[in-house]
Amino acid sequence: MTAIRTALVIGGGIAGPVTAMALRRAGIEASVYEAYTGSADGIGGTLTIAPNGLDALRVVGADTPVKAVGQPVTRTVITDGAGRRIGEFSGLADLEPSQAMWRSDLYRAVHEHAVASGVPIEHGRRLVDAEESPTGVTARFADGGSASADILVGADGINSVVRTLIDPAAPGPRHVPLLNFGGLADIALPARTDAASFVFGRRGFLGYWVQPDGRTAWFANLPHEAPMTAAQARQVPAGEWLRRLREIYAHDVPGPDLLRHTGEEALVTLGTVAIMPSVPRWHSDRMVLVGDSVHAPSPSSGQGASLAAESAVQLARCLRDLPDAPSAFSAYVRLRRDRVEKVAARASRTNNSKALGPFAIAMMRLMMPLATRTFLAPERALGPEQRHHVEWDTPVPALAAAL
């Protein structure tokens, strides 16, 4: 039985509320403190919640509201810029399908469910420091206020303050030379609504799916060597970005149709991709990291939000079953590090394939029939990640903290 009774969760994005719900189910009173004064409703591009993410969300009852805002995706179709099919992959038939959605819809669904579950969420509470003692931790906020609890969980994203408090020498985010965009086109392309389409174009990568409302959600990755934050990218007028994108995808089916039917107000500009390298220290005696603050794979993984949900549930399980914070945190790291780093490595390889030249795309077309029967067969390609299950009802053995 744990001695931990209270927790401060720093970060009100997606990982924070899920962590708070999981902690409360484990018998730990948890409150969420978010830096921004407003919500993230309406902010962000598209993402996917994989079957393993839905499985983790089910522990806190959030799978149903998340599926309500998602769109089932049962297959992936890959083409080249000329519209020629390179390959097609189906999901795992015995698992529920991945869900494609807008980040803002996921945020709203998770937040509403957390609040309905009794999780207090305070906005405008930007963490600036934290002080640990033998009996607890005190968080200090930019507004001059403070809060104390037995432990503090850093779910404060890729630019985590908590990470630097745990380890001032901790690595920061690493730049990936891909510029990210998203958008919503007022056109329904001739494609199935349960299929995601990936286009390896001449100058960039383009993905899309047709929504049931007759519009098409899309995202684009363009090679871009210099780091560019989302704020810097948004300093360029949306009309200028659309002009550039229309030029780049002018000869890649269905780029012209998508971009011609995307208005400036429907363009999402995200800057270059940022990921987390391996973080040596995930915790101190009273503070611990979860989600993007410690493992942020490339969006290419399709696993970022799902891994965050898994870690939230696994952390709560360890705190529930082990006697003190250090042993629970150690067990949590043992159970999570290898998995999240394998996913990150796989996503890194995917990033490298998004800027293929004509010869590499031609070779991909030739090799795909063999690949889909061997190393890209659904079970081999998807099984290790999507079949992952956090054994919530099984106690964490004390041995896990010492392995």
Side-chain angles (χ1 to χ4, degrees), residues 4 6-26 28-36 39-40 43-44 47 49 53 56-57 59-60 62 66 103 106-111 113-115 117 119-130 137 139 141 147 149-167 170 172-173 274-276 279 281-284 286-297 303-319 325 328-329 332-333 335-337 340 390:
I4 306 302
T6 57
L8 311 175
V9 179
I10 307 300
I14 295 167
V18 175
T19 300
M21 286 188 283
L23 289 171
R24 290 171 73 87
R25 185 170 178 195
I28 299 168
E29 290 296 316
S31 299
V32 174
Y33 298 85
E34 165 57 39
Y36 291 101
S39 75
I43 297 175
L47 53 74
I49 302 294
L57 290 170
V59 173
V60 296
V66 166
R103 179 175 289 275
L106 174 61
Y107 170 91
R108 185 174 63 254
V110 168
H111 269 244
H113 185 68
V115 171
S117 301
V119 174
I121 301 178
E122 297 188 21
H123 290 270
R125 307 302 301 277
R126 183 176 296 278
L127 182 74
V128 294
D129 199 6
V137 60
F141 301 102
D150 293 330
I151 62 169
L152 182 150
V153 181
D156 50 343
I158 199 165
N159 295 306
S160 173
V161 172
V162 180
R163 185 174 64 241
T164 61
L165 293 174
I166 290 172
D167 180 9
I275 62 174
M276 281 305 301
V279 176
R281 292 186 61 194
W282 287 33
H283 68 90
S284 58
R286 293 281 171 173
M287 296 190 289
V288 65
L289 301 169
V290 71
D292 282 356
S293 66
V294 70
H295 53 72
Q303 282 283 347
S306 295
L307 291 180
E310 287 180 7
S311 289
V313 171
Q314 194 68 274
L315 173 63
R317 176 173 172 250
C318 291
L319 285 163
F329 294 165
Y332 160 68
V333 175
L335 291 168
R336 295 301 296 161
R337 182 187 288 277
V340 301
V390 178

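In this text the structure is predicted, and so the values were computed from the model without any measurement. In what follows, residues are counted from 1 in the order of the sequence shown.
- Residues A274 and P173 come closest through the heavy atom pair CB-CB, 4.2 Å.
- Counting heavy atoms from C-beta on, the side chains of V340 and P297 never come closer than 4.5 Å.
- In this structure, R286 contributes its side chain and D150 its backbone to a donor-acceptor pair below 3.5 Å.
- The CG atom of L152 lies 8.0 Å from the CD1 atom of I166; values are rounded to the nearest 0.5 Å.
- Side-chain contact check for W282 versus V290: every heavy-atom pair is 4.5 Å or farther apart.
- Put simply, the side chain of V110 reaches to within 4.5 Å of the side chain of V66, judged on heavy atoms.
- A salt bridge does not link R125 with E34: none of the charged nitrogens is closer than 4.0 Å to a carboxylate oxygen.
- One distance of note links CD1 of I28 with CG of L319; it measures 4.5 Å at 0.5 Å rounding.
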Do I10 and F141 pass the side chain to side chain contact (heavy atoms under 4.5 Å, CB included) test, and can you show the C-alpha distance, the side-chain angles, and the key distance before you say yes or no?
CA-CA 11 Å; I10 307 300; F141 301 102; 4.2 Å; yes
Could you please spell out the steps behind the side chain to side chain contact (heavy atoms under 4.5 Å, CB included) verdict for R126 and Y36?
CA-CA 7 Å; R126 183 176 296 278; Y36 291 101; 3.9 Å; yes
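- One finds the CZ atom of F329 at 6.5 Å from the CD1 atom of I4 (value rounded to the nearest 0.5 Å).
- The nearest pair of heavy atoms linking A30 to P120 is O-CD, 3.5 Å.
- Counting only distance, with no hydrogens or angles, the side chain of H111 and the backbone of G12 share a donor-acceptor pair below 3.5 Å.
- Using modelled atom types, one side-chain atom of Y332 and one backbone atom of L289 make a donor-acceptor pair closer than 3.5 Å.
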Quick one, L335 with R317, criterion side chain to side chain contact (heavy atoms under 4.5 Å, CB included). Give me CA distance, side-chain angles, the key distance, then yes/no.
CA-CA 11 Å; L335 291 168; R317 176 173 172 250; 4.1 Å; yes
Test side chain to side chain donor-acceptor pair (under 3.5 Å) applied to S293 and R163, step by step:
CA-CA 7 Å; S293 66; R163 185 174 64 241; 5.6 Å; no
Decide yes or no on side chain to side chain contact (heavy atoms under 4.5 Å, CB included) for V59 and V390, but give the supporting numbers first.
CA-CA 9 Å; V59 173; V390 178; 5.7 Å; no
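- The salt bridge (Lys or Arg N to Asp or Glu O under 4.0 Å) check on R25 picks up nothing, with sequence neighbours excluded.
- Q303 CD to E310 CD: the interatomic distance, rounded to the nearest 0.5 Å, is 6.5 Å.
- When atom types are taken as modelled, the side chain of H113 and the backbone of V60 share a donor-acceptor pair closer than 3.5 angstrom.
- With D292 contributing its side chain and G304 its backbone, the two residues share no donor-acceptor pair below 3.5 Å.
- Considering every non-hydrogen atom in both I158 and A296, the closest pair reads CD1-CB, 3.8 Å.
- Side chain of S311 to main chain of L307: a donor-acceptor pair is present (N/O by atom type, distance under 3.5 Å, no hydrogens or angles).
- Under a 3.5 Å cut-off, the side chain of S160 and the backbone N or O of V162 do form a donor-acceptor pair.
- For the pair A312 and A22, the tightest heavy-atom approach, listed with the atom from each and the gap, is O-CB, 3.8 Å.
- We find the OG-CG distance between S306 and L57 to be 7.5 Å, quoted to the nearest 0.5 Å.
- Side-chain contact check for L8 versus L127: every heavy-atom pair is 4.5 Å or farther apart.
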